[in-house]
A.B. asks: 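Sharing a structure, written as structure tokens. Questions coming.
By convention in this document, chain letters (A, B, ...) are assigned in the order of the sequence lines, proteins followed by strands, and residues within each chain are numbered from 1. Note that the structure is predicted; figures quoted are calculated from it, not measured. Scope of the values below: all heavy atoms of this structure, side chains included, with no hydrogens, waters or symmetry mates.
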Protein chains: 2
Amino acid sequence: MGTAESAVGAPPRPGLRERKKQRTRDALVRAALELIATRGYEGTTVDDIVAAVDVSQRTFFRYFAGKEEVAFFVARLAESRVLDAVRARPPHEAPLEVLRRAVLDSWDGITEAVEQLVPLDLHMRVYRVIESTPALLAAHLRRATELEEELARVIADREGLDVDADPRPRILVAAFGGVVRVAERRWSAGDDCSPEAMRAVMTACLDQVGPALAGNWRTGPSPNRGTET
Amino acid sequence: MGTAESAVGAPPRPGLRERKKQRTRDALVRAALELIATRGYEGTTVDDIVAAVDVSQRTFFRYFAGKEEVAFFVARLAESRVLDAVRARPPHEAPLEVLRRAVLDSWDGITEAVEQLVPLDLHMRVYRVIESTPALLAAHLRRATELEEELARVIADREGLDVDADPRPRILVAAFGGVVRVAERRWSAGDDCSPEAMRAVMTACLDQVGPALAGNWRTGPSPNRGTET
DNA sequence: TGTCAGCTGTCAGTCGCTGACATTAGCTTG
DNA sequence: CAAGCTAATGTCAGCGACTGACAGCTGACA
């Protein structure tokens with residue numbers, strides 16, 4: 001010890017090789033997202049992406065398993081954040097509340113982390129492409145269910161249940177995930193792409209879970225009637 | 001009139017051309033499902049399929065938009081059946097009950113219709129391949145959300161709501177769809193592949209929607225505790 | 001400084017998929 | 001029934017995603 005890079009307390013600065021890799025990966029992500037946001041997903045070939053960064057196609061496929069993966073590079077950051085937030089919730093909270101608060105509370109941190117990688121506006125535009133491109137939407141939904149599976153395990157652990165014996169954790173998470181997806185769609189279909197708007201939409205949707213599952217909508221006050229467009 | 005094919009009351013027998021097309025399509029579906037069930041999805045090339053039916057590759061792509069589509073040919077029958085069943089529900093039923101009864105009541109009819117096309121056992125094996133193949137699972141989930149979108153519209157119409165203004169139809173359908181997916185997974189993961197078993201799993205999962213969303217699972221009786229493996 | 005491991009590029013090849021064009025085969029009309 | 005039209009099919013060429021194999025280069029480390 002004593003040398004600069006082995007000092008404790010600070011993360012050891014990675015070597016030149018590692019930094020180069022990081023730079024190449026980031027450059028590929030940025031170039032890919034920019035191209036996808038402007039030309040669309042199908043309109044963007046891998047050759048286009050690698051030409052913009054001036055690396056070989058083979059290198060691209062060494063960094064990303066497929067063309068899809070680069071489009072979800074940013075989204076995966078958000079996923080792991082949410083998962084961490086769920087794990088950090090106090091043990092006395094009810095399951096549905098855990099999910100709700102985890103999503104809403106990790107929101108700002110996610111926004112910040114994303115912006116550190118790519119401009120937020122770019123991320124928004126790419127998200128719309130994902131929602132409107134069948135192949136990407138399919139991949140997105142698959143990733144979402146994988147996240148749900150992990151969430152179900154965490155929830156089951158919290159409650160001391162066996163995920164495979166008791167269907168309730170998976171059912172709760174599935175229902176929750178469905179609501180989140182509805183919120184995402186409403187957001188991506190609207191004009192206001194700001195994180196605050198998204199947060200509001202998400203909150204509103206989560207508040208509707210109870211009412212939506214209530215027996216009969218026609219009795220009692222109908223919230224949100226004619227309040228939009 | 002008076003000729004055999006123009007007789008009223010009976011569905012006019014399609015011409016030779018149409019029958020040939022039907023036969024080719026069915027042969028492609030059967031060959032494809034058989035191959036996929038045994039060799040897996042990625043292990044089955046389009047050339048393998050067309051070789052088994054002795055048509056050109058180009059013909060395959062005139063019948064199916066892609067290799068995926070042939071794998072979901074049977075599943076799409078079931079989807080349209082469920083949609084019809086939902087539309088046929090009496091107007092006084094509550095939304096959640098409509099979905100529940102539509103799925104359960106159309107079950108036998110679907111099973112019958114499927115068996116008319118391919119052996120039920122083959123369909124089961126293919127379904128497991130779908131669940132375990134990322135690309136197919138992704139496509140399956142995308143189709144499922146498209147079905148959910150249509151269901152949401154139907155439900156909203158029943159209740160006299162605007163799908164785009166009131167989030168509750170989509171939320172309800174999303175939650176319901178999530179539960180159905182959990183049931184599908186539990187079924188495909190288990191040993192018993194019979195339709196009766198599937199029906200039982202589906203019923204059990206649907207009965208858990210309320211309890212799963214209830215505030216705290218630890219209070220009150222926990223159903224299904226330790227009743228399975 | 002020299003050796004070694006890891007990153008990169010090149011090349012060839014497979015597979016899914018499509019457009020263009022020629023060929024065949026069913027149906028229609030005189 | 002024969003000619004003519006149209007729809008179905010086959011053939012061919014080509015693009016794009018993706019992969020394995022091999023070769024060259026470049027940080028890392030003694």
A.B. asks: Pairs under 3.5 angstrom, nitrogen or oxygen only, protein versus nucleotides 7-10 of chain D, please.
C.D. replies:
unit_1, atom_1, unit_2, atom_2, d
D/dA7, O4', B/Arg17, NH1, 3.4
D/dA8, OP1, B/Lys21, NZ, 2.7
D/dT9, OP1, B/Tyr63, OH, 3.0
D/dT9, OP2, B/Tyr63, OH, 3.1
D/dG10, OP2, B/Ser56, N, 2.9
D/dG10, OP2, B/Ser56, OG, 2.9
D/dG10, OP2, B/Thr59, OG1, 2.2
D/dG10, N7, B/Arg62, NH1, 3.4
D/dG10, O6, B/Arg62, NH2, 2.7

A.B. asks: Mind checking who D/dA7 pairs with, Watson-Crick or G-U wobble, both distances under 3.5 Å?
C.D. replies: C/dT24
A.B. asks: How would you list, by chain and number, every residue that makes a side-chain hydrogen bond (donor to acceptor under 3.5 Å, both in side chains) with B/Arg142, sequence neighbours excluded?
C.D. replies: B/Glu146
A.B. asks: Checking B/Arg181 now: which residues fulfil side-chain hydrogen bond (donor to acceptor under 3.5 Å, both in side chains) with it, not counting sequence neighbours?
C.D. replies: none
A.B. asks: Nearest whole angstrom, please: distance from the C1' of D/dT6 to the CG of B/Leu16.
C.D. replies: 15 Å
A.B. asks: Applying ring pair (Phe, Tyr, Trp, His ring centres under 6.0 Å) as the test, list every pair that has at least one member in residues 176-206 of chain A; sequence neighbours left out.
C.D. replies: A/Tyr127-A/Trp187
A.B. asks: When you measure from every atom of DNA chain D, which of residues 25-45 of chain A have a heavy atom less than 4.0 Å away?
C.D. replies: A/Thr44, A/Thr45
A.B. asks: For A/Phe64 and D/dA17, give me the distance from atom CZ to atom P, rounded to whole Å.
C.D. replies: 15 Å
A.B. asks: Under 3.5 Å, side chain of A/Arg199 to main-chain N/O of A/Leu104, donor-acceptor pair present?
C.D. replies: yes
A.B. asks: Going by the rule side-chain hydrogen bond (donor to acceptor under 3.5 Å, both in side chains), which residues pair with B/Thr38 if we only count those two or more places apart in sequence or in a different chain?
C.D. replies: none
A.B. asks: Provide the start and end nucleotides, 5' to 3', of the part of DNA chain C that has atoms under 4.0 Å from heavy atoms of chain A.
C.D. replies: C/dA5 to C/dT10
A.B. asks: Which residues pass the salt bridge (charged side-chain N to carboxylate O under 4.0 Å, His left out) test with B/Lys21, not counting sequence neighbours?
C.D. replies: B/Glu18
A.B. asks: Mind jotting down which residue pairs meet the side chain to side chain donor-acceptor pair (under 3.5 Å) criterion with at least one end in residues 56-66 of chain B? Sequence neighbours excluded, please.
C.D. replies: B/Asp47-B/Gln57, B/Ser56-B/Thr59
A.B. asks: Can you list the residues that meet the salt bridge (charged side-chain N to carboxylate O under 4.0 Å, His left out) rule with A/Arg87, with sequence neighbours excluded?
C.D. replies: none
A.B. asks: Could you give all pairs that pass the side chain to side chain donor-acceptor pair (under 3.5 Å) test and reach residues 70-81 of chain A, with sequence neighbours left out?
C.D. replies: A/Glu79-A/Arg143
A.B. asks: Going by the rule side-chain hydrogen bond (donor to acceptor under 3.5 Å, both in side chains), which residues pair with B/Ser132 if we only count those two or more places apart in sequence or in a different chain?
C.D. replies: none
